[in-house]
Amino acid sequence: MKRTGRAFWLSSPGHGDIREMALPDPAEGEVVVRSLYSGVSRGTETLVFRGGVPESQYAAMRAPFQEGDFPGPVKYGYLNVGVVEEGPDDLLGRTVFCLYPHQTRYVVPVTAVTPVPPSVPAERAILAGTVETAVNALWDAAPLVGDRIAVVGGGMVGSSVAALLARFPGVRVQLVDADPARAKTAEALGVGFALPQDALGDCDLVVHASATEQGLARALELLRAEGTVLELSWYGDRQVSLPLGEAFHSRRLVVRSSQVGSVSPARRSSRTYADRLALALDLLADPALDALVTGESAFGELPDVLPRLASGEIPALCHRVRYDSDE
């Protein structure tokens with residue numbers, strides 16, 4: 001039986017198209033998945049879309065099932081939820097999450113898919129990759145009961161971190177963003193909100209995810225002495241200036257990076273990548289996280305939608321892509 005799929009490709013920076021792909025026959029230990037939804041992670045994917053990945057980071061930025069190379073042509077993406085059409089009996093017909101690009105059907109090893117718990121709708125499960133990033137960040141940050149915490153940058157990653165922090169007992173959490181519209185997101189997630197100039201200081205921990213110099217500088221200002229900024233932003237090919245003069249050293253401030261490409265050292269000896277992703281999916285049982293999905297379009301509209309997401313014409317946290325049954 002001839003199997004085909006249709007995939008979105010970045011043909012060149014700023015331009016994309018949909019291409020028909022021949023699918024291989026599934027081998028032993030592989031599954032055929034029909035996509036139900038995929039997600040556009042606006043920060044990373046729009047950076048890729050405009051050709052902003054530095055050559056030095058081409059290898060580090062590869063997605064698990066990427067085809068082609070940066071800056072293009074390249075098939076890129078990593079938030080896919082589908083149903084298993086062919087494969088082992090225990091997976092047949094089940095809804096699964098996979099770190100796969102935007103494609104109608106695909107063949108992957110069984111080990112590449114994670115079953116979605118019955119308590120998590122497929123529409124929400126596309127957030128698993130981002131919530132996984134938040135889990136890893138909090139393993140790195142190790143917040144304590146009663147901490148005063150700010151999350152600077154109310155995008156998809158920052159909002160996911162804030163949503164998980166809202167579950168910590170006794171913690172003061174404030175989502176800080178220059179866009180007043182993010183107040184509605186914060187309310188839905190059960191955390192406080194402030195514009196940068198109004199944010200509460202004396203923080204034990206500030207998680208920075210705004211991907212701006214101004215946001216990182218403000219994150220440092222919000223710390224108490226000996227506090228820590230956990231940096232989640234990835235700036236691609238942009239140079240960033242950081243104010244490390246004045247009281248930075250006398251206050252003994254810490255700036256620490258966190259990246260989802262490896263399991264946090266705090267849990268590396270006891271958790272695998274699969275454990276981390278399964279935990280993220282379990283956490284998505286919370287309907288409050290629906291607030292992170294801010295738009296939806298059909299798969300066939302991606303060549304027109306992605307340029308508008310990249311330019312900011314369509315404001316988005318996570319933009320959901322719907323695959324109709326006849327795709």
Side-chain angles (χ1 to χ4, degrees), residues 13-14 40-54 56-57 60-61 130 133-134 136-138 140-141 149-163 165 173-186 189 191-201 203 205-223 227-248 251 253-261 291-292 294 306-319:
V40 178
S41 179
R42 186 173 178 270
T44 302
E45 287 198 56
T46 59
L47 186 145
V48 170
F49 187 76
R50 68 173 179 83
V53 179
S56 65
Q57 296 299 301
M61 278 292 293
T130 306
T133 299
N136 206 59
L138 294 181
D140 279 334
I149 303 173
V151 179
V152 177
M156 192 175 171
V157 171
S159 293
S160 296
V161 170
L165 284 169
V173 186
Q174 193 169 55
L175 186 64
V176 180
D177 199 279
D179 182 359
R182 291 285 184 259
K184 185 176 180 181
T185 303
L189 298 176
V191 299
F193 174 81
L195 296 172
Q197 65 272 20
D198 301 323
L200 298 172
C203 291
L205 169 69
V206 178
V207 178
H208 179 242
S210 81
T212 66
E213 286 186 8
Q214 298 89 343
L216 184 51
R218 185 61 177 141
L220 285 171
E221 292 173 349
L222 295 175
L223 287 176
T228 296
V229 168
L230 189 77
E231 176 59 278
L232 291 182
S233 300
W234 193 70
Y235 299 91
D237 56 359
R238 288 182 290 143
Q239 295 294 315
V240 177
S241 296
L242 184 61
L244 299 182
E246 299 182 352
F248 177 79
R251 298 180 66 220
L253 303 181
V254 176
V255 179
R256 182 179 180 187
S257 65
S258 178
Q259 212 273 339
V260 74
L292 303 183
T294 53
L306 254 173
R308 297 169 65 200
L309 286 168
S311 69
E313 180 185 343
I314 299 177
L317 293 175
C318 178
H319 187 86

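We use all heavy atoms of the structure for the numbers below, so side chains are in, but hydrogens, waters and symmetry mates are not.
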Trainee: Any side-chain donor-acceptor pair under 3.5 Å between Gln239 and Ser241?
Mentor: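 Short answer, no.
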
Trainee: What do the steps show when you test Val255 against Leu220 for side-chain contact (heavy atoms from CB on, under 4.5 Å), and what is the final call?
Mentor: CA-CA 8 Å; Val255 179; Leu220 285 171; 3.8 Å; yes

Trainee: Partners of Glu221 by side chain to side chain donor-acceptor pair (under 3.5 Å), sequence neighbours excluded?
Mentor: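 Glu221 satisfies side chain to side chain donor-acceptor pair (under 3.5 Å) with Arg218 only.
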
Trainee: Rounded to the nearest 0.5 Å, how far apart are CD of Gln57 and CG of Leu47?
Mentor: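 Interatomic distance, Gln57 CD to Leu47 CG, rounded to 0.5 Å: 11.0 Å.
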
Trainee: Between His208 (side chain) and Leu216 (backbone), is there a donor-acceptor pair under 3.5 Å?
Mentor: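 Confirmed, His208 side chain pairs with Leu216 backbone.
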
Trainee: Does Ala310 offer a backbone N or O that forms a donor-acceptor pair with the side chain of Thr46 under 3.5 Å?
Mentor: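 Side chain of Thr46 to backbone of Ala310, a donor-acceptor pair under 3.5 Å: no, none is there.
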
Trainee: To the nearest 0.5 Å, how far apart are CD1 in Ile314 and CG in Leu309?
Mentor: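 So the gap between those two atoms works out to 4.5 Å.
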
Trainee: Taking side chain to side chain donor-acceptor pair (under 3.5 Å) as the test, write out the residues that go with Thr133, two or more places apart.
Mentor: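 Side chain to side chain donor-acceptor pair (under 3.5 Å) check on Thr133 returns nothing, list empty.
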
Trainee: Could you pull out the closest heavy-atom pair between Ser233 and Ala211, with the gap in Å?
Mentor: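 Between these two residues, the closest heavy atoms are OG-N, 2.8 Å.
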
Trainee: Name all residues meeting the salt bridge (Lys or Arg N to Asp or Glu O under 4.0 Å) criterion together with Arg182; count only those two or more places apart in sequence or in a different chain, and write none if there are none.
Mentor: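 Arg182 satisfies salt bridge (Lys or Arg N to Asp or Glu O under 4.0 Å) with no other residue.
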
Trainee: So, using side chain to side chain contact (heavy atoms under 4.5 Å, CB included) as the criterion, who are the partners of Ala209 when residues are at least two apart?
Mentor: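 So Ala209 forms a side chain to side chain contact (heavy atoms under 4.5 Å, CB included) with Leu232.
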
Trainee: Between Arg238 and Gly52, is there a donor-acceptor pair closer than 3.5 Å when you use the side chain of the first and the backbone of the second?
Mentor: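 Checked: no pair found.
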
Trainee: Test of understanding: with side chain to side chain contact (heavy atoms under 4.5 Å, CB included), list the residues that count as partners of Leu200, not counting sequence neighbours.
Mentor: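 Here the qualifying residues are Arg172, Gln174.
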
Trainee: What pair of heavy atoms forms the shortest contact from Leu175 to Ala162, and how long is it?
Mentor: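 Residues Leu175 and Ala162, closest heavy atoms: CD1-CB, 4.2 Å.
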
Trainee: For Asn136, which residues count as a side chain to side chain donor-acceptor pair (under 3.5 Å) partner, sequence neighbours excluded?
Mentor: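 Side chain to side chain donor-acceptor pair (under 3.5 Å) list for Asn136, sorted by chain: Arg276.
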
Trainee: Could you tell me whether the side chain of Trp234 reaches within less than 4.5 Å of the side chain of Thr44, counting heavy atoms only?
Mentor: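 Thr44 does not reach Trp234 side chain to side chain.
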
Trainee: Measure the CG-OG distance between Leu189 and Ser159 for me, rounded to the nearest 0.5 Å.
Mentor: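 Between atom CG of Leu189 and atom OG of Ser159 there are 6.0 Å.
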
Trainee: Identify the two heavy atoms, one from Gly155 and one from Asp177, that lie closest to each other, and give their separation to 0.1 Å.
Mentor: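 That closest heavy-atom pairing would be N-OD2, 4.4 Å.
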
Trainee: How close do Leu230 and Ala137 get, counting heavy atoms only, and between which atoms?
Mentor: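 Nearest pair, atom of Leu230 first, then Ala137: CD2-O, 3.3 Å.
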
Trainee: To the nearest 0.5 Å, what is the distance between OG (Ser258) and CG (Leu138)?
Mentor: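 Nearest 0.5 Å value for the OG-CG distance: 8.5 Å.
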
Trainee: Among residues at least two apart in sequence or on other chains, which ones pass side chain to side chain contact (heavy atoms under 4.5 Å, CB included) with Glu313?
Mentor: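 Partners of Glu313 under the side chain to side chain contact (heavy atoms under 4.5 Å, CB included) test: Arg308, Ser311.
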
Trainee: For a 4.5 angstrom cut-off between non-hydrogen side-chain atoms, does Pro196 reach Val152?
Mentor: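 The answer is no, as the side chains (C-beta and beyond) never meet within the 4.5 Å cut-off.
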
Trainee: Keeping the roles fixed (side chain from Thr130, backbone from Val157), state whether a donor-acceptor pair exists under 3.5 Å.
Mentor: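 Checking the backbone N and O of Val157 against the side chain of Thr130, no donor-acceptor pair under 3.5 Å is found.
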
Trainee: Tell me every residue that passes salt bridge (Lys or Arg N to Asp or Glu O under 4.0 Å) with Glu213, counting only those two or more places apart in sequence or in another chain.
Mentor: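 Result, salt bridge (Lys or Arg N to Asp or Glu O under 4.0 Å) vs Glu213: none returned.
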
Trainee: Work out which heavy atom in Val151 is nearest to a heavy atom in Gly158; give both atom names and the distance.
Mentor: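 Val151 and Gly158 have their closest heavy atoms at CG1-O, 3.4 Å.
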
Trainee: Applying salt bridge (Lys or Arg N to Asp or Glu O under 4.0 Å), name anything that partners Arg251, two or more places apart in sequence or on another chain.
Mentor: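 Per chain and number, Arg251 pairs via salt bridge (Lys or Arg N to Asp or Glu O under 4.0 Å) with no residue.
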
Trainee: If you round to the nearest 0.5 Å, how far is OG1 of Thr228 from CG of Leu253?
Mentor: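 One finds 8.5 Å between CG of Leu253 and OG1 of Thr228.
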
Trainee: Can you name the closest pair of heavy atoms from Asp179 and Phe193 and give their distance?
Mentor: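 Scanning both residues completely, I find the closest heavy atoms to be O-CZ, 3.5 Å.
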
Trainee: Once side chain to side chain contact (heavy atoms under 4.5 Å, CB included) is applied, do any residues pair with Thr294, and if so which ones, sequence neighbours excluded?
Mentor: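 Testing Thr294 for side chain to side chain contact (heavy atoms under 4.5 Å, CB included), a comparison that skips the adjacent residues, returns Ala316, Leu317.
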
Trainee: Measuring from atom CG of Leu165 to atom CD1 of Ile149, what distance do you get when rounded to the nearest 0.5 angstrom?
Mentor: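 Interatomic distance, Leu165 CG to Ile149 CD1, rounded to 0.5 Å: 4.5 Å.
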
Trainee: Please identify each residue that fulfils salt bridge (Lys or Arg N to Asp or Glu O under 4.0 Å) with Arg256, with sequence neighbours left out.
Mentor: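 Listed in chain order: Asp140.
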
Trainee: Does CD belonging to Glu246 count more than 12 external heavy atoms closer than 6.0 Å?
Mentor: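 No, the 6.0 Å shell around CD holds no more than 12 heavy atoms from other groups.
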
